[in-house]
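In what follows, chains are A, B, ... by sequence order, proteins preceding strands, each numbered from 1.
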2 protein chains.
Amino acid sequence: MNPKTRAAVHLDDVSKAIIEQLQADGRRSYAEIGKAVGLSEAAVRQRVQKLTDTGVMQIVAVTDPMQLGFFRQAMIGLRCTGDTRLIADKLAAMPAVDYVVLTAGSFDIMAEVVCESDEDLITLLNSEIRSLEGVVSTETFVYLKLHKQLYNWGTR
Amino acid sequence: MNPKTRAAVHLDDVSKAIIEQLQADGRRSYAEIGKAVGLSEAAVRQRVQKLTDTGVMQIVAVTDPMQLGFFRQAMIGLRCTGDTRLIADKLAAMPAVDYVVLTAGSFDIMAEVVCESDEDLITLLNSEIRSLEGVVSTETFVYLKLHKQLYNWGTR
DNA sequence: AGTGAAACGACCGTAGA
DNA sequence: TCTACGGTCGTTTCACT
């Protein structure tokens, strides 16, 4: 809650191993994980519960945009005036925008968008994003190939 | 397999509803999902099986870098010469790099990195990324605040 | 934090519409 | 592709360490 929460949660090797198991398959049974990491089923469940309750980990379905007909993805860099948080809020409210981050550098905001077609992307850029109050200029980086995408931490 | 696989998988409302359930909680039981979407437990199981087998959806654990002590994230834009795929491969092999995409625009590659500290980021940039053969220049966008992050599709 | 045991519920294979 | 059903295995609760 507090933005000054700067302490990393300590994870022992067993918890890391549990997370690895669930990164491979989020539906793997606690009993099976227990066998793999050398813990009873109940102990695994308690650890998973704690990890999810504290927000360290969550088990979710992730879907592939390509397979669902969203063939055009792009990263958009925005240069802005005024409060970037207000602009970021408006971007985040757009369904085609799946990722928004405030940055330091020659862009103030970077946003990833997912569209069904090039036309959709053009419309999104012109009618929605570039027309936002406070957006000075944008630069678009159309995705040619997604090379690596990880949801994985803690195992390294 | 074929890069020309451009057909979107058709999902009916029931499958979309199932995915929504699993996006909320990847461990929700098939029986419970069945109640919510009006299908038998076995039918839900079959649909989930098919969705995961075909790669439309996967159920995985995702973890929070911040909570695990990776306080510094950044997007790095790279301008390159030569085959960008070779460079992307080398970036993808780095543990600190969690996202690599080949782009069209003023950057040829964009990579997201996750570090424990500013020093780690500096080292990564200088000793690993900027020294890669074929990397002409880089631009770093340090993350100030992650505003929105979705793994969600199909529900919109 | 961990184990173990018993009751309960989920999951899986198979059969049939 | 769905439902129905029975066997098996996973999950839950609780008492205990």
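Screening A:I109, A:L102, A:V136 for a side-chain contact (heavy atoms from CB on, under 4.5 Å) with A:C80, the sole residue that qualifies is A:I109.
Every side chain to side chain contact (heavy atoms under 4.5 Å, CB included) that B:D25 has, sequence neighbours left out, goes to B:R27, B:R28.
Side-chain contact between B:V14 and B:R47 is present, with at least one heavy-atom pair separated by less than 4.5 Å. Here the side chains of B:F71 and B:E116 are not in contact, with every heavy-atom distance at 4.5 Å or above. Looking at A:V9 and A:L51, their side chains never come closer than 4.5 Å, going by heavy atoms from C-beta outward.
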**Message:** Show me the dot-bracket string of DNA chain C, counting Watson-Crick or G-U pairs under 3.5 Å, with | for pairs to another strand and [ ] for crossing ones.
**Reply:** |.|||||||||||||||

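Screening residues 74-95 of chain A for side-chain hydrogen bond (donor to acceptor under 3.5 Å, both in side chains), with sequence neighbours left out, gives A:R79-A:S137, A:R79-A:E139, A:D83-A:R85.
Taking atom CG of residue B:D25 and atom P of nucleotide D:dT11, one finds them 13 Å apart after rounding to whole Å.
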Name the atoms and distances for all side-chain donor-acceptor pairs under 3.5 Å in residues 121-130 of chain B, with sequence neighbours left out.
| residue | atom | partner | partner atom | Å |
| --- | --- | --- | --- | --- |
| B:T123 | OG1 | B:E119 | O | 2.9 |
| B:N126 | ND2 | B:I122 | O | 3.2 |
| B:S127 | OG | B:T123 | O | 3.3 |
| B:R130 | NH1 | B:T138 | OG1 | 2.8 |

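Annotation: proximity of residues 29-41 of chain B to DNA chain C (heavy atom, distance under 4.0 Å) is found for B:S29, B:Y30, B:A31, B:E41, numbered in ascending order. The stretch residues 44-54 of chain B comes close to DNA chain D through B:Q46, B:R47, B:K50, each having a heavy atom under 4.0 Å from the strand.
A donor-acceptor distance shorter than 3.5 angstrom exists from the side chain of A:Q67 to the backbone of B:T54, with no hydrogens or angles considered.
Once rounded to the nearest 0.5 Å, the distance linking CE of B:M57 with OG1 of B:T52 reads 5.5 Å. Between A:I33 atom CD1 and A:R45 atom CZ the span is 11.5 Å, to the nearest 0.5 Å.
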